K.L.:
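Please read through the structure below; I'll follow up with questions.
As a basis for the values below, the full set of heavy atoms in this structure was taken, side chains included, without hydrogen atoms, waters or symmetry mates. Treat the numbers as computed from the prediction; the structure is a model and nothing was measured. Residue numbers start from 1 in every chain, and the chains themselves are labelled A, B, ... in the order their sequence lines are given, proteins ahead of strands.
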Number of protein chains: 2
Amino acid sequence: MAATIKDVAKLANVAISTASRVINNSGYVSDETRARVEQAVKELDYTPNSIARSLKQKSTYSLGLVVTDIGNPFFSEVAQAVERAAREQGYSVLLVNTDGKAEQERDGVDLLVAKQVDGIIWYSPINSKLAEELSQRKSGPVIVTITGRREPIGTHTIHINDEIGAFEAVNHLIRLGHTRIGYIAEPEGPEYPQERLHGYLRSLQEAKLPVDRSLIVRGDYQQGGGRKAIKEILKNRPLPTAIFAANDLMAVEAIQYAREIGLEVPQDLAVVGFDDIMLAGLRGIDLTTVAQPKYEMGQEATKLLISTLKKEKASRYITLLPSLVIRRSCGYRLKGSAVSW
Amino acid sequence: MAATIKDVAKLANVAISTASRVINNSGYVSDETRARVEQAVKELDYTPNSIARSLKQKSTYSLGLVVTDIGNPFFSEVAQAVERAAREQGYSVLLVNTDGKAEQERDGVDLLVAKQVDGIIWYSPINSKLAEELSQRKSGPVIVTITGRREPIGTHTIHINDEIGAFEAVNHLIRLGHTRIGYIAEPEGPEYPQERLHGYLRSLQEAKLPVDRSLIVRGDYQQGGGRKAIKEILKNRPLPTAIFAANDLMAVEAIQYAREIGLEVPQDLAVVGFDDIMLAGLRGIDLTTVAQPKYEMGQEATKLLISTLKKEKASRYITLLPSLVIRRSCGYRLKGSAVSW
DNA sequence: CTGTTAGCGCCTTCAC
DNA sequence: GTGAAGGCGCTAACAG
């Protein structure tokens, strides 16, 4: 049995409340008494039970981090930022994986609520109603969502403008002279923001390029999905000369597959991804991609969350812009294009 | 204010203990009463406060996961396995990053202890004394360590036989005809297991190859560190024909650097890594590497931990063997070698 | 079957 | 300055 404050008090020959005072440094205690208590603490190797403390104080100093898949390097980088920012402020983080399933998300969030987390960083809400409702509760956790959607959800929203990111990526391909651009798209369904698709479409439209629906194939954001999708897309004739993929994982798989069947990247097929996960920058991969400010996203969200906890703060909506990182996978100029780079 | 069991009891017109019974499904309750309580629960949208429950039951149903760097894809894969296994058993996981610093590790673990986690999966203990001592405490958390060291630490130990992994990797290079094999080593210092170095050395010795200390340069396991190390190693003349690196991140950087300065991989320089993180298998990288059973490690550790929690179990020591995954970065045969593959 | 009664470990008035 | 007492939300005997 670990020592409790009671043991400390007894050993120091003081009342529990006095022991509490010196441990928490609150209220007046004579130097002499303080010394006695501190001595007792040391002797018993006493650690305050923060469960009990939380029960009393209604604050657990912990926050939940809800992500689709912590095994995905993209989320893991965000998680790293969150953990660091949280630790620096004395908070700890409870990790919940949703695997992209609404049910798991609900259960996970329920768990976090039961564990009385002070706040939740939610990336990203499949079930936005749940998030919205939760953030309405008076004594519920503060909810910060990170999302590619436009609509704010929760107490605070960190919005990554995916639409513009995708738009810029496709624009870049168009400037390079591409006119048949395939798209390995985000999955369909209400739980997935369709902003990247919108950006892709808008770019084509503004350039007055036709939209060929058979060049748009849904991916699943997972390993294996990019391969399936690119296969599908490359059944089209004439072949597209460029591919935009809704995330890097799928983009890299597209490159792999293209090379396997004898296409050269970028000469025969230019590829642009989305996210800028670490591997995108490796030599041998060199993926041009839309970089999401992963670290900032995690850090911003955490800081915002914790500062809200410390004092009331109006709901905030922050937009972060992704940026296009040009590497080699898109080529610098398409053969026969009039545009020089 | 969130609803408490008291509110539920009042609304259902029963005693608190009765409400508790139906909520926890313990003891006999008449169907009629049960229905009333359930109705009340629904009406108030009641969620049990697990903080309070934990205080009473001495069990928080949460476990700590201590890793060096969750942003590192290697750890993030282990974390994924841990989270999943934990969730399946109704446990949640508190994430602690050490960034490889002893102080952060201590603070993080203190935090976990204060938060009364039931167990800690510790990968990997820099300060093994801390781990050992903690696992001795009667009412302390169950400690499962994952480590490349031989010595058991904590309640249970999952040992990855790094020495054999490294040994096999270097053996492979030797079989391919290499005799000057550089090593981008693990960092020095008591907090880092030196098993991979041992394996490297043993392999050379058994093959009766000379050990050239200037071909062994310490890395830091981080991004950037492989680059620095390979630079150093390649100052040697004659150049080594092969490089073994203590992890994939550094191995990949070595490949990048080698290519930048005009060396072909694997023709001029064969490279073997350690870990088998996702990117190792990508086309364009194709890194031959010692695969650690990441998923098994996380899962095994978690299951072991939780089963211990449920009923006393003797301390266990499990050894998992890594396996060599041969891809292209090591070449199939060294020019001029007599060994065919 | 159901209600009453003690706490779990801690913090926080409120007296002295 | 210090102590006594109440209660956070919940569970677990123990009576009825």
K.L.:
May I ask you to evaluate whether B:Ser17 reaches the phosphate of D:dC10, defined as a side-chain N or O under 4.0 Å from OP1 or OP2?
P.N.:
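For D:dC10, OP1/OP2 do not have a side-chain N/O of B:Ser17 under 4.0 Å.
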K.L.:
Mark yes or no for a side-chain to base donor-acceptor pair under 3.5 Å between A:Arg21 and D:dG3, with no hydrogen or angle criteria applied.
P.N.:
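Such a pair exists between side chain and base.
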K.L.:
Counting just side-chain N and O atoms, does B:Thr33 come under 4.0 Å of either OP1 or OP2 of C:dT2?
P.N.:
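Checking C:dT2 against B:Thr33, a side-chain N or O does come within under 4.0 Å of OP1 or OP2.
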K.L.:
Distance check: side-chain N/O of B:Ser20 vs OP1/OP2 of D:dC10, anything under 4.0 Å?
P.N.:
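Answer is no, no contact under 4.0 Å.
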K.L.:
According to a strict under-4.0 Å criterion, is B:Lys56 in side-chain N/O contact with OP1 or OP2 of C:dA6?
P.N.:
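Indeed not, no polar side-chain atom of B:Lys56 lies that close.
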K.L.:
What is the separation between atom OH on A:Tyr46 and atom P on C:dC10, rounded to the nearest whole Å?
P.N.:
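Those two atoms, OH and P, are 3 Å apart.
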K.L.:
Is there a donor-acceptor contact under 3.5 Å linking the side chains of B:Ser20 and B:Ser17?
P.N.:
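B:Ser20 vs B:Ser17: no donor-acceptor pair found between side chains.
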K.L.:
Consider the side chain of B:Ile5, meaning its heavy atoms from C-beta on, and name the nucleotide among D:dC14, D:dC10, D:dG3 that approaches it most closely.
P.N.:
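Selected nucleotide (nearest to the side chain): D:dC10.
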K.L.:
Is it true that the side chains of B:Gln89 and B:Lys310 contain a donor and an acceptor less than 3.5 Å apart?
P.N.:
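Result is yes, a qualifying pair exists.
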K.L.:
Among the nucleotides C:dC8, D:dG9, D:dT11, which one has an atom lying closest to any side-chain atom of B:Asn24?
P.N.:
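Output: D:dT11.
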K.L.:
Would you please say whether a donor-acceptor pair under 3.5 Å links the side chains of A:Thr308 and A:His156?
P.N.:
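On atom types as modelled, these side chains qualify, holding a pair under 3.5 Å.
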K.L.:
So B:Ile16, base contact, sugar-phosphate only, or nothing? Heavy-atom distance under 4.0 Å.
P.N.:
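Base contact - B:Ile16 has a heavy atom under 4.0 Å of at least one base atom.
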K.L.:
Working note: B:Val109 + B:Trp122, criterion side-chain contact (heavy atoms from CB on, under 4.5 Å); need CA distance, chi angles, decisive distance, verdict.
P.N.:
CA-CA 9 Å; B:Val109 170; B:Trp122 202 330; 3.6 Å; yes
